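Structure record follows, encoded as structure tokens.
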There are 2 protein chains.
Amino acid sequence: MTTARADALALDREDPLAAFRARFRLPDRVVYLDGNSLGALPKATPARLAAVIEDEWGEGLIRSWNRHGWIELPRRVGDKIGRLIGARPGEVVVADSTSVNLFKLMSAALRLRPERRIIVSESENFPSDLYVAQGLIDLLGARHELRLATPETLDAALDDDVALVLLTHVNYRSGRMHDMEAVTRRAHQRGALMLWDLAHSAGALPVDLAACDADLAVGCGYKYLNGGPGAPAFLHVAERLQAEFRSPLTGWLGHAAPFDFDWRFRPAPGIASAIVGTPPILSLAALEVGVDLALEADLAAVRAKSLALARLFMERVAASCAGLGLTLASPSRDDERGSQICYAHSEGYAVMQALIARGVIGDFRAPDILRFGFTPLYTSFADVWDAVEALRAVLTSGEWDRPELRQRAAVT
Amino acid sequence: MTTARADALALDREDPLAAFRARFRLPDRVVYLDGNSLGALPKATPARLAAVIEDEWGEGLIRSWNRHGWIELPRRVGDKIGRLIGARPGEVVVADSTSVNLFKLMSAALRLRPERRIIVSESENFPSDLYVAQGLIDLLGARHELRLATPETLDAALDDDVALVLLTHVNYRSGRMHDMEAVTRRAHQRGALMLWDLAHSAGALPVDLAACDADLAVGCGYKYLNGGPGAPAFLHVAERLQAEFRSPLTGWLGHAAPFDFDWRFRPAPGIASAIVGTPPILSLAALEVGVDLALEADLAAVRAKSLALARLFMERVAASCAGLGLTLASPSRDDERGSQICYAHSEGYAVMQALIARGVIGDFRAPDILRFGFTPLYTSFADVWDAVEALRAVLTSGEWDRPELRQRAAVT
């Protein structure tokens, strides 16, 4: 039991990952619990980007596509991410945004199950995943249907007409985590393909796509991979599906021989056919720095610390904030939760703005959720202690109750 | 007539755009004639990127979406590009790659002409444009057809079954330029929509989409806009089409209220519905520097200098390289050509490698084309003089005739 800030500091002294914090640039007087929305800046990134910009682009110019291996970056960084998510070399590539990659993989999945009409997902899935499904279904003439379940009704929603099960491993709002292996197995038992969105998983906790026999996955570069705002995303196609896999986004860098400039599209072998346009080198270089840093850490240790941080957070809220209007909105069981803790509060938006004004940065998710993310490479136990103290102060003082804190910004 | 290097230097002294060259970082002892493949580095870019990375990302973290207006960047930079291509505010947005944007606009065009089956393009169009059309047609069940014409047979290819005419304004290989106003008018007379790829036009020469009553356009950020390798692309949808325009790539940032996290997709009004995922802030910031620089120049002066550079190049080749196996592969008339000059040579690949070894960087386009791009903000008349001298030296010495220069690199 941690009953004083000194106990939290003691946990930090014993933390095997503690040294990673110094590898990030974090603002002074800020407790940053929003790395699940935008990861922090690795200290190595500015120098790497300066070298890419000044030496590779400025000095090397067009020659750098070969000389500095720019053309290999999507697959090179993809393979590195693959090591974080239990994929084999050649199963992951970095390209486009998560949403665009979802479109590629959903389209490909529907082609692979041409007799089936249903995409199953969750009503609480990240909306972009559902929007992409809606856009695709609409484009294909409404012959397919999006069937929305809850975690509780998911099993019942799986019948022999399901082509694809589309789930986010860790829910963006509640942090609720699916049992990837069990859900994948049930989808396969019904003959459906399984597409995992790893936005809140990659780099945050161990994922083993190969052991789960997963089919398809996507994920995000700017959360736990610390690739920078709007970093490119990744996609995964299991080796056994690659021969049949066809993305409808057929761009020149997914061609088997782009520099032949033949007018007929012929897909590159393997995962490379999922590349579309010219890769974004500056963003890819920044992402690689974040991924390299993540690869230095033991993901089991990352997970253990994440859970310890979350338990401390819940423990401190229970001890300090009882009766102050907070309701836990995340699963309390470790094995059902990702790397974040959420509380509902009727004035959640204003409370979060007041917390941010105190330098404790989490975020708000409509309609009423305060979200706190734990990024074990740079979140400390003292951060958690201080965050809950600030939360208590905000709630007991009522300092959130000001009109300017209720005024919604463009981005919440 | 320019008959000595001193004459070229005199032209540089009289050049009203000469001062722009100092705004770019160019390598020493290099003549760079490949800005139509990858534009040069503006000297202002490294400091701007360092500020975005260290201050906005590192210090501001998630707060920068509001505080530094990250969320506005796609439309802000889009409107700036709009000023270079004769679009109205609100008609252009920066997003994704050119190929992904082509997919959005082609899909939308086919929806807007549901009774028509044909996409007309050119067999010599940039292959990615044709690949995207093929991927879309295939996805839609082969109900549509890609009809390939040449500039000469284009008129005859336009009948009442044509939904969309898809052309690149300036051909990537030959530099041949379409009459945008005339072609758009003919497409409209047949009831077809017109989609212009401005990859080799935006920033290189005056384009007036509004005056041409153009419907749809896309373009590239890393050529004449100097946005950096793999810079994000832009797309344009004419105001009059925006109410009916629907992109099939429906991501969260194209939603009318992304932060409501509603599960039903509802498109944002106007051009914003063409945004899909989270915008790539680092790449967008780099692109903005290049676009701001382009906006400082008078595009009529840019065009006049581009044509003068090209005329000097052709004049010098005629004078110095006669009988050395070069055949002009670009239109000789100014009004039929963009900002590049191409020559066919049976050993084009090795000749270009030998030229690059001498510090004159153009590029090769299969099967046999030597391509030289003129980027008037930083190409000088002396550059052109020196390039042709080097070309003559390479051809007369036979120094290209070495096995290692015939060995094709990954990127040509």
Side-chain angles (χ1 to χ4, degrees), chain A residues 25 27 32 34 37-38 41 45-46 49-50 53-54 57-59 61-62 65-66 70-71 96-100 103 107 123 127-128 130-132 134-135 139 228-230 248-252 255 259-263 265 276-283 286 361 363 365-366 409-412, chain B residues 25 27 32 34 37-38 41 45-46 49-50 53-54 57-59 61-62 65-66 70-71 96-100 103 107 123 127-128 130-132 134-135 139 228-230 248-252 255 259-263 265 276-283 286 361 363 365-366 409-412:
Chain A
R25 172 178 167 160
Y32 193 59
D34 208 13
S37 187
L38 172 61
L41 170 64
T45 302
L49 262 281
I53 293 171
E54 301 196 44
W57 172 16
E59 195 66 23
L61 287 163
I62 194 70
W65 284 104
N66 294 309
W70 284 353
I71 199 71
D96 301 307
S97 66
T98 308
S99 297
V100 169
F103 186 88
S107 305
S123 49
S128 206
L130 305 178
Y131 300 162
V132 172
Q134 291 164 54
L139 180 66
L249 292 174
T250 46
W252 75 303
H255 193 280
F259 294 93
D260 285 359
F261 296 100
D262 185 38
W263 71 269
F265 185 73
V276 185
T278 305
I281 299 304
L282 307 189
S283 304
I361 303 179
D363 61 22
R365 285 294 172 259
V411 176
T412 66
Chain B
R25 173 180 165 157
Y32 193 58
D34 208 12
S37 186
L38 173 62
L41 170 64
T45 303
L49 262 281
I53 292 171
E54 300 195 45
W57 173 15
E59 195 67 23
L61 286 163
I62 194 71
W65 285 104
N66 294 310
W70 285 352
I71 199 72
D96 302 307
S97 66
T98 308
S99 297
V100 169
F103 187 88
S107 305
S123 49
S128 206
L130 305 178
Y131 299 161
V132 172
Q134 291 164 54
L139 181 66
L249 292 175
T250 47
W252 75 302
H255 193 279
F259 294 93
D260 285 359
F261 297 99
D262 185 37
W263 71 270
F265 185 73
V276 185
T278 305
I281 299 304
L282 307 189
S283 305
I361 303 180
D363 60 23
R365 284 296 172 258
V411 176
T412 66

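Below, chain A is the first sequence line, B the second, and so on; all start at residue 1. All figures in this text were calculated on a predicted structure; none of them were measured in a lab.
If you tally non-hydrogen atom pairs under 4.5 Å between each of A/V100, A/T45, A/D363 and chain B, the highest count goes to A/V100. Residue with the most contacts toward chain B among A/S37, A/A409, A/G228: A/G228 (heavy-atom pairs, distance under 4.5 Å). The choice from B/S123, B/P27, B/A366 that makes the most heavy-atom pairs within less than 4.5 Å of chain A is B/P27. Counting heavy-atom pairs closer than 4.5 Å to chain B, the top residue among A/L282, A/L38, A/I281, A/N66 is A/N66.
Ring orientation note: the planes of A/H255 and B/Y131 are close to parallel, at an angle under 30° on the 30°/60° scale.
In this structure, the portion of B/A286 lying under 4.5 Å from any heavy atom of chain A is its side chain and not its backbone. Using a 4.5 Å cut-off between heavy atoms, A/P279 touches chain B through its backbone atoms (N, CA, C, O) alone. Interface remark: B/F103 contributes side-chain atoms only to the contact with chain A (heavy atom separation under 4.5 Å). Heavy atoms closer than 4.5 Å to chain A are found in both the backbone and the side chain of B/T412. With a 4.5 Å cut-off on non-hydrogen atoms, B/P229 touches chain A through its backbone and its side chain both.
Remark: B/S128 OG to A/W263 CH2 distance equals 15.0 Å, nearest 0.5 Å. Rounding to the nearest 0.5 Å gives a distance of 5.5 Å between CD1 of A/I53 and CD1 of B/I53. Expressed to the nearest 0.5 Å, how far CG of B/L249 lies from OG of A/S99 amounts to 9.0 Å.
Counting all heavy atoms, side chain and backbone alike, B/L139 lies closest to A/P248 at CD2-CB, 3.8 Å. Nearest heavy-atom pair across A/S97 and B/D96 is OG-OD1, 4.5 Å.
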Under the side-chain contact (heavy atoms from CB on, under 4.5 Å) criterion, do A/D34 and B/L61 qualify, and how do the steps go?
CA-CA 9 Å; A/D34 208 13; B/L61 286 163; over 6 Å; no
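Here the side chains of A/I62 and B/I361 are in contact, with some heavy-atom distance below 4.5 Å. Using a 4.5 Å heavy-atom cutoff, the side chains of A/F261 and B/P127 are in contact. Inter-residue side-chain proximity for B/L130 and A/F265 is flagged as unmet; no heavy-atom pair is nearer than 4.5 Å.
Here the side chain of B/E59 pairs no donor or acceptor atom with the backbone of A/R25 at under 3.5 angstrom.
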